[in-house]
Amino acid sequence: MTDKSPLPPDSPALRDESRLSGWAEGLGSPADRRAASELIGQSLAKGIPMTFQGARTGLRGAGVPNGGLIVGAARLDRVEGLRRGQWGFELLVQPGYRLADLRRDLATRRPNLAASQAEPEALKELLAEFRAEELFWPPDPSETSATMGGLASTNASGPNRSRFGRAADHLSGLRVILHDGQEYNLERGAFKFGPQGLPLPTGRLLEADPKALGLPPEADLLDLLAGGQGMYGFISGLWLKLAKAPAHLWGLVFFPDSEEKAVSLIEAILDDPPEALISLDFLDLPSLSVVSVLRQSAKKLREIPEPPTGAASAVSLELMADDESLIESASERIIQNCLDRGCDPDQSWALVGTEVEKSRLFAHAVPEGLGSLLDSVRAGGYPAVMTATDFTRPDLRFGQNLGECRRDLREMGLTAVTFGHALDNHLSVNFLPKNAEEAKRATELMGHWLERAKNAGGELFFGQGVGKLKKELFLAHESPERIASLRAAKKALDPNGLFNPGNLFD
Amino acid sequence: MTDAPERTRLGPPTAPSFPNSAADRERDFREAEGYRPRVAVAIKQVPPSLGGATDPLKGFVLRTGPGRLNPHDGPAIEMALRLKDRYGALVDLFSMGPVQAETALKEALSLGPDRAFHLTDPLLAGSDSLATARTLIWAMDLEGPYDIIVSGLMTSDGGTGQVGPAMAALMDFPFAGRVSEIVSLEDGALTVKQLYRDELLETRLNLPCLVTVHPDGFTPRLPTVRARLRPRLVNRLTASDLIAPNPDQAPAQAALFGERGSPTKILRTHKPKANDKVLARPTPPVAASVIIEAALKAKS
């Protein structure tokens, strides 16, 4: 499709981490709010479709253009405000502000508030209070180069999702440009679902109930927009709810010498989870190989040692508490769990405080490295794209869920890189099809798994949303009621179909 | 590989030499049977990478807040621990800094060194690289002698890269910088590879010697869970501990501590300015029109 595009075919703006590529008639990267508003307003007036892009770190192609104009948010990267709201401190940031920027500003406690409209004296006072506290943004997804606009649009979550929820749970407001070209400041709770549906700031009414849209009963418009993959409007500002950071954070990684021991260790931890536990992740042997391959090209990763010789899997967990003795006693229990299962507890890493970034970098290297592997498949001639599925199975224990996947992969003659968040019993299975036949079998298997997860009351399309890559699977396996409600939402919020065409629906 | 390179001597030591120092007392200690080589590592706690502030009057890096281990010291500790793994070396850590710098030593102890010594005293505050080098040598003399002293290439705050070479010069030790690999430790000599750009240089150093470590050469290991849970004792040393062996020379030595003993004067510190130039700044409506016109043209 790239031959249609006036942007050079190798333009990075035409693709993202999913390895899908698209086409576009132009690219605009507004540097401020007014420029963004003008660009979107004029495009709407002339009926030009737009694709909103963040840092192009998405794995489902939601930011890959499908004609029209690309509106890049990367230069909209400022902090616009700080306030103390009912949830504590909140930071107003532009959509191109990255998670790495947020972590830096919270670590130094020095956000650049030059763009703030607040009274200087009042701001100075507020900043002094802000600097006295150690704060964090709880969802903390692992891709730190992702933009906040992108994280909100995919309603991203991190490994600690079962403890802290997703991006939308930690937004107190959004500023959005909707289909009428107007920019709206939407505070949490201002537009709530009622018996008739959801009133919209444009005056329309979305006739749908939150359950059918996959939202909780108390959801409001913010919850719909977050996770909307840019289909409902352009997010031009986000109020981030910040929380007080617990005093101590530890990251532990164990390297059992077999997958069975890793699963047994995970299940032992799940049977009696420590109070301080906020995440518990599994990485299989191919995942460790992916990290090793990525080490060759990723300098940052070479700052972390190779896993111990003989490691056949990894169990990575984080513990967080104000009282460090809680973490220490939890760690001692986990060491005992290791010993009871024949795992060597000295084949492990233990990181504290900011050093925990290293264990996060290690775990995040798996999805990152998959892109490089796909590139090598593509170099061999087959145009592979990210072929992966995420789902939860509330009816199974972690080992049963993984065992079923393993059995099916064997029967279908497929290989995959598998990792997952054990606290949610969430598995991410990433196929590496080398030809069209394997890709077909992988898609068939993903459909089979999604049906089973749906029947068991699990969540589908759990990780990175649907985007363009998984819409066929989505339309084939999601409930008709949910699909109809989402279509109604798209119609109500984007009646002319100009926002991120091709995401979720054709 | 080539023979050891010719070296330019750095001149006579500028620190006073104390006749009863441990290093002078023992020179033939390496001959003893079952002797384990002794390695000292000089490390430092530095401010977080983006949070450092400086004293507006004196230009010093302020060390009042939380800190972290200097990123270049991880590879230095790793090199020492590989000497421990391969040759059974005893590894001691030394660090000078305010009270909170003990955290960095505790952190580093969980990697496997045997002992840690923390030099902390208001008298030592404001030390430049020369005063720091002298003070670390005195502390190592108290606990040594050492066969090999290892230091990181530089610190992320001061960034001078002078402390290691200054210690070698003051002690008149053979020195190798940018070490990226240990070749051997035998016959009273350490043989290493040094990485200069893309070239490796093999160098043999007679013991005792001092090396600084190339950050790409030694990926630091991470502590195990059990090591993290183990109690980690840091020994504290003050200025008076350093003076203790030489009471008669106390005044001369005290004059070489901290800011008093530091010849460096910081004239000015500044933040680099961005060089971004705005070539044109169209108004938003014009910019939007230009982009949209171009898009429409492309479409037609």
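Naming: A, B, ... by sequence-line order, numbering from 1 per chain. Predicted model only: the values in this text are computed from it and were never measured. Just the heavy atoms: all of them, side chains too, but no hydrogens, waters or symmetry mates, feed the values below.
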Item to check | ring pair (Phe, Tyr, Trp, His ring centres under 6.0 Å) partners for B:F117, two or more places apart | outcome: B:F94

Next on the checklist: The criterion is ring pair (Phe, Tyr, Trp, His ring centres under 6.0 Å); which residues satisfy it with A:W250, sequence neighbours excluded?
Outcome noted: none

Report which part of [X] has an atom under 4.5 Å of a heavy atom belonging to chain B: side chain, backbone, both, or neither.
{"X": "A:R34", "answer": "both"}
{"X": "A:E303", "answer": "backbone"}
{"X": "A:Q347", "answer": "neither"}

Item to check | salt bridge (Lys or Arg N to Asp or Glu O under 4.0 Å) evaluation trace for B:R82 with B:D85 | outcome: CA-CA 5 Å; B:R82 289 193 199 174; B:D85 295 343; over 6 Å; no

Among [options], which has the most heavy-atom pairs under 4.5 Å with chain B?
{"options": "A:S37, A:P305, A:S331, A:A35", "value": "A:P305"}
{"options": "A:A31, A:C338, A:S348", "value": "A:S348"}
{"options": "A:L69, A:I327, A:V352, A:L351", "value": "A:V352"}

Looking at every non-hydrogen atom in both residues, tell me the closest pair between [X] and [Y] and how far apart they are.
{"X": "A:T51", "Y": "A:P65", "value": "OG1-CA, 3.5 Å"}
{"X": "A:E25", "Y": "A:G67", "value": "OE1-C, 4.1 Å"}
{"X": "A:L39", "Y": "A:P30", "value": "CD2-CD, 4.1 Å"}
{"X": "B:R115", "Y": "B:D92", "value": "NH2-OD2, 2.7 Å"}

Checklist entry - Measuring heavy-atom distances to chain A, does B:E78 have an atom under 4.5 Å in its side chain, in its backbone, in both, or in neither? => result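 No part of it gets close to chain A.
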
Checklist entry - For A:R33, what residues pass the side-chain hydrogen bond (donor to acceptor under 3.5 Å, both in side chains) criterion, not counting sequence neighbours? => result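 Listed in chain order: A:E183.
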
Checklist entry - Do A:S292 and A:E306 have side-chain N/O donor and acceptor atoms under 3.5 Å apart? => result yes

Item to check | Close contacts, residues 215-230 of chain B versus chain A, judged by heavy atoms under 4.5 Å | outcome: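 Listed by number, the contacting residues are B:D216, B:T219, B:P220, B:R221, B:L222, B:P223, B:T224, B:V225, B:R226, B:R228, B:L229.
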
